[in-house]
Amino acid sequence: MSVEQLFIYPIKSCGGIKVEEALVTKYGLALPLNPDIVDRAPNMPELYVPVNPLPDEVVHCYCWKYPILGLRYGDHVSHWLRAFFETEDNLDLVVFDYKQFEGRQCKNSSDPNSARDGDVSVYHDMGPINLCSTKSLYDLNTRMEKKIKLNNFRANIFVTNITKPYAEDCWREIEIGKVKLTWIAACIRCLLPTVDQETGIKDPNQEPLKTLKTYRLKPIPYDVSPLFGINMAPTDDNSIGAIIRVGDLVQVKTEELDFWSKNDSVSSN
């Protein structure tokens, strides 16, 4: 097995960047170098978003009900966002500064999880790194009339040459090159995978969520949301600061093969 594709998502719920290599941090995957962002949109002026220096206005944010701090970019960014989305609602772009802020403890999420002390995320829903297999996607596409793409699921790591579809459900510890990753939870899927990542348009039939609900439900403990992919975190400090590359071999070190037959595979905090 090996890494087929890598993606980084600089802005929550927005499009990803396909990369050949990524830096592992405790907050997720990042570009080895942090470039400034230039946003271009039809009939809009260019939006330049610098990452050095960062803004200095501290704001209190919430990811669901959990507080987390951020740094707010100026009014020019907010005005650009409101103009593009044609809304008068307050829209701000906020960046997390790992040098002065603490991330959210994954174990404190209301979703079932097995996160350890020190497993942290920022504006993610659950874990810092999301992993799927291409074979799982191919299997899903055999069940649907309209095929979807890998990036609908917004995973960071896509693994190829896996033994069978959804084998990743049972992975608990893996190694990718010199990087060790530990399972936090199965990934509970919402409506976001129904959004075409190239057009931003939701599927009118709520696919692939509708199809996933026909065969990817584990009511205890995940309730009514289907599962696709897994959330992971760096296993130890030696993995933080290492690089994952497309083509790196993936080795499964620990599995929970009875995951689907057990009701106590995770702890609910």
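Treat the numbers as computed from the prediction; the structure is a model and nothing was measured.
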Is it true that Y123 and F7 fall in one hydrophobic cluster, defined by side-chain heavy atoms closer than 4.5 Å?
no

For residues F101 and V122, determine if any side-chain heavy atom of one lies less than 4.5 Å from a side-chain heavy atom of the other.
no

Decide whether Y66 and N108 meet the rule of one side-chain donor and one side-chain acceptor closer than 3.5 Å.
no

Is any side-chain heavy atom of P50 closer than 4.5 Å to a side-chain heavy atom of Y73?
yes

Do we get R189 above F153's six-membered ring, with its NZ or CZ under 6.0 Å from the centre and within 45° of the axis?
no

Cluster question for you: counting only ILVMFWY and a side-chain heavy-atom cut-off of under 4.5 Å, with indirect links fine, are F228 and I162 together?
no

Should the pair R245-E21 be classified as a salt bridge under the 4.0 Å nitrogen-to-oxygen rule?
yes

N-O pairing of D139 and K135 below 4.0 Å:
no

Hey, are D119 and R116 close enough for a salt bridge, meaning a charged N less than 4.0 Å from a carboxylate O?
yes

So CH2 of W64 and OG of S110: to nearest 0.5 Å the spacing works out to 9.0 Å

Any ion pair linking D169 and R216 (charged N to carboxylate O, less than 4.0 Å)?
yes

Side-chain heavy atoms under 4.5 angstrom apart, residues restricted to Ile, Leu, Val, Met, Phe, Trp, Tyr: same cluster for V195 and F85?
no

Is there a path from Y138 to M1 through hydrophobic residues (I, L, V, M, F, W, Y) whose side chains come within less than 4.5 Å of each other?
no

Can you see which heavy atom on P234 is nearest to which on P128, and at what distance?
CD-CG, 4.3 Å

NZ/NE/NH1/NH2 to OD/OE distance under 4.0 Å, K146 and D203
yes

Can you see whether N130 engages N231 through a side-chain donor-acceptor pair at a distance of less than 3.5 angstrom?
yes

Do R104 and Y27 meet the cation-pi criteria used here (NZ or CZ under 6.0 Å from the six-membered ring centre, within 45° of the axis)?
no

Residue pair S136 / E168, side-chain donor-acceptor N/O under 3.5 Å:
yes

Does some side-chain heavy atom of L140 sit less than 4.5 Å from a side-chain heavy atom of L212?
yes

Can you confirm if the NZ or CZ of R172 lies within 45° of the ring axis of F259 and under 6.0 Å from the centre of its six-membered ring?
yes

Within one Ile-Leu-Val-Met-Phe-Trp-Tyr cluster: L217 and L227, side-chain cutoff 4.5 Å
no

With a 4.5 Å heavy-atom cut-off, do I11 and L93 have their side chains touching?
yes

If we ignore angles and hydrogens, is there a donor and acceptor under 3.5 Å between the side chains of Y215 and Y166?
yes

Just verifying a value: how many Å separate D39 CG and M44 CE, rounded to the nearest 0.5 Å?
8.5 Å

